[in-house]
Peer 1: 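Okay, handing you the structure first.
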Number of protein chains: 2
Amino acid sequence: MPEFATLEYENLNSVVYAALCDALMQGRFQPGDRLKIRDLAEQFGTSVTPIRDAILRLANDEAITFRSPRDIRIAGLSEARYREIRAIRVRLEGLAAETAAQVATSADILALEQILRENEQAIADGDRLKGTQLNQAFHFMLPQIAGLPVLTTILRRLWLQMGPHISDAYLAGGRAMIDHHYPVVEALKRHDSPAASMAIVDDILLGGKPILDRIAHGEEREARRA
Amino acid sequence: MPEFATLEYENLNSVVYAALCDALMQGRFQPGDRLKIRDLAEQFGTSVTPIRDAILRLANDEAITFRSPRDIRIAGLSEARYREIRAIRVRLEGLAAETAAQVATSADILALEQILRENEQAIADGDRLKGTQLNQAFHFMLPQIAGLPVLTTILRRLWLQMGPHISDAYLAGGRAMIDHHYPVVEALKRHDSPAASMAIVDDILLGGKPILDRIAHGEEREARRA
DNA sequence: ACGTCAAAAAAGATGCATCAAGTATCTTGT
DNA sequence: ACAAGATACTTGATGCATCTTTTTTGACGT
């Protein structure tokens, strides 16, 4: 269960926020989906206040947008914006991988290898949701090993924005999604920072290719429709 | 007047959020300062709801923390956390400078030089507040020239966290704060990406030295007190 | 004077009523 | 059958009442 709460104590709004973050990162929302505060309040069994709070935080994260004062929707993602996010991830996850390579313990390596094994199994089972989650878990392990909490928060926010756009791309990606994870672990074992950085960059650029294609095609389709 | 609103239309909560962001970035709050929703509501002449909304967004930005359910304070900044923010800035502002160097127009260069001139004047006048603002304006110009809105948002959030900690450091820094800005502009003129990146990195690491010292000394003092 | 404990005030969390603006629906006249 | 206007509904924004927990305060005993 991911720990998304910025607040130190438990709040209804944090519970709702965490649940919506989960849903977003698992691709359970589609871009453009409309959210209604009263509907969510009923689903969560709370009043509208904690829902408003959570939605406001997600809007602050730019994961959802207020298209008009009464029209709350899952944010879209232009190709340019996705490319920017990718460029930022290259820099930041590169930093995380370099730092992680310097400080990784054997316990860290074992945890990464465990994730890889489970990810292989999920792909073999055709379990798309689990595959997505384990891929994310791998990426978030690096800043955690590196001891970089600010970086983790930034990446989480970027993933919230990507979440609704990666769901279908995973099937297209298939095994290619984790192929580049193995060299990362090997580099961490050798405490080889440059190699770790290069490997994670490869993963972001090559492994993420199907996602970019999907977003680009989506824009094209939309342009033709107009 | 900075444009902080994530929301597209004007809201009381956006107005409050923008005002508090401004205050934070100008160092008008000290770390550990306590905020009271009802007091702020009176100051802004609104009910508590828009204030709660704005504070929730700032908490989401990790600029303020809820130490306990009824104790809202300006966030502290450990030395480790400041070093992490600095490392992230090196990567991200490096990316912004590289990109800006590739696309900068002569109008962009003129705007940067204008900021530098005003910053010189502010330092000559001993106007600490204006100096801080113009230094920030320079740094935010690079991602703007580069056309990287996501990057701008991330940097803004980091600056919200640094804001309360850089106020006094500026006097100590003095002219050194903008010395490294000139090579940045020169590099942009030559469309020299590596030089632009190196220059801004120098600025972050060397120009920011007094801030790090101040935070480190503050921690030391606190440790002695305990 | 000082510490302790209880009463009171403070303060955020939650729920809810109301408002305004936008949207859908229904009626009515041709 | 259709269009136009009016009516009702939807929905987020704002304000506010209440609840619970924390903090302050002050009285009392030592």
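As the structure is a prediction and not an experimental result, all values here were calculated from the model. Every chain is numbered from 1, with letters handed out A, B, ... down the list of sequences.
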Peer 1: Please set out all donor-acceptor pairs under 3.5 angstrom arising from side-chain atoms of residues 38-51 of chain B, sequence neighbours excluded.
Peer 2:
residue : atom : partner : partner atom : Å
B:Ser47 : OG   : B:Thr49 : N            : 3.3

Peer 1: Reading DNA chain C from 5' onward, which residue's closest nucleotide shows up sooner: A:Arg70 or B:Asp71?
Peer 2: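 Final value for this comparison: B:Asp71.
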Peer 1: When you look at A:Asp203 and A:Glu93, which way does the side chain to side chain contact (heavy atoms under 4.5 Å, CB included) test go after all the steps?
Peer 2: CA-CA 10 Å; A:Asp203 182 60; A:Glu93 295 195 38; over 6 Å; no
Peer 1: Could I get the full list of salt bridge (Lys or Arg N to Asp or Glu O under 4.0 Å) partners for A:Arg34, not counting sequence neighbours?
Peer 2: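 In terms of salt bridge (Lys or Arg N to Asp or Glu O under 4.0 Å), with neighbours along the sequence ignored, A:Arg34 is linked to A:Asp71.
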Peer 1: Rounded to whole Å, please give me the gap between CG in A:Asn13 and C1' in C:dG15.
Peer 2: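 That distance rounds to 14 Å.
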Peer 1: Taking all heavy atoms of A:Ala216 and all of A:Glu79, pick out the closest pair and write down the distance.
Peer 2: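 It is CB-OE1, 3.6 Å.
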Peer 1: Expected output is a numbered-order residue list: members of residues 35-42 of chain A with a heavy atom under 4.0 Å from any atom of DNA chain D. What is it?
Peer 2: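 Those residues whose heavy atoms fall under 4.0 Å from DNA chain D, taken from residues 35-42 of chain A in numerical order, are A:Leu35, A:Lys36, A:Ile37, A:Arg38.
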Peer 1: Please report the distance, rounded to the nearest Å, between CZ in A:Arg34 and C1' in D:dT10.
Peer 2: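 One finds 8 Å between C1' of D:dT10 and CZ of A:Arg34, rounded.
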Peer 1: Mind running a 4.0 Å heavy-atom check of residues 46-53 of chain B against DNA chain D and sending the residues that fall below it, in number order?
Peer 2: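 Hits under 4.0 Å, by residue number: B:Thr46, B:Ser47, B:Thr49, B:Pro50.
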Peer 1: Between A:Phe66 (CZ) and C:dA21 (C1'), how many Å, whole number?
Peer 2: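 Distance check: A:Phe66 CZ to C:dA21 C1' gives 16 Å.
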Peer 1: Considering residues at least two apart in sequence or located in another chain, which fulfil the salt bridge (Lys or Arg N to Asp or Glu O under 4.0 Å) criterion with A:Asp108?
Peer 2: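 Expected list: none.
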Peer 1: Is a side-chain N or O of B:Asp53 found less than 3.5 angstrom from the main chain of B:Asn13, in a donor-acceptor match?
Peer 2: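 Side chain of B:Asp53 to backbone of B:Asn13: no pair is present.
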Peer 1: For B:Arg73 and B:Arg67, indicate whether the former's side chain and the latter's backbone hold a donor-acceptor pair under 3.5 Å.
Peer 2: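 Such a contact is absent between B:Arg73 side chain and B:Arg67 backbone.
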Peer 1: Expressed in angstrom and rounded to an integer, what is the separation of B:Ile72 atom CD1 from C:dG12 atom P?
Peer 2: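 So the two atoms are 5 Å apart, to the nearest Å.
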Peer 1: What is the distance, rounded to the nearest whole Å, between atom CG of B:Leu12 and atom P of D:dG12?
Peer 2: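 Value for this atom pair: 18 Å.
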Peer 1: Which sits closer to the 5' end of DNA chain C, B:Pro69 or A:Gly45, going by the nucleotide each is nearest to?
Peer 2: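 Its nucleotide being nearer the 5' end, the pick is B:Pro69.
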Peer 1: State whether the side chain of A:Thr132 and the backbone N or O of A:Arg128 hold a donor-acceptor pair below 3.5 Å, judged by distance alone.
Peer 2: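 Side chain of A:Thr132 to backbone of A:Arg128: a pair is present.
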Peer 1: Please state how far atom OH in B:Tyr17 lies from atom P in D:dA13, giving the value in whole angstrom units.
Peer 2: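 Checked: the OH to P distance equals 16 Å.
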Peer 1: Round to the nearest Å and state the distance from B:Ile64 atom CD1 to C:dG12 atom P.
Peer 2: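 Atom-to-atom, B:Ile64 to C:dG12, this comes out as 10 Å.
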Peer 1: Under the rule for ring pair (Phe, Tyr, Trp, His ring centres under 6.0 Å), what residues qualify as partners of B:Tyr82, not counting sequence neighbours?
Peer 2: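 B:Tyr82 satisfies ring pair (Phe, Tyr, Trp, His ring centres under 6.0 Å) with no residue once adjacent residues are dropped.
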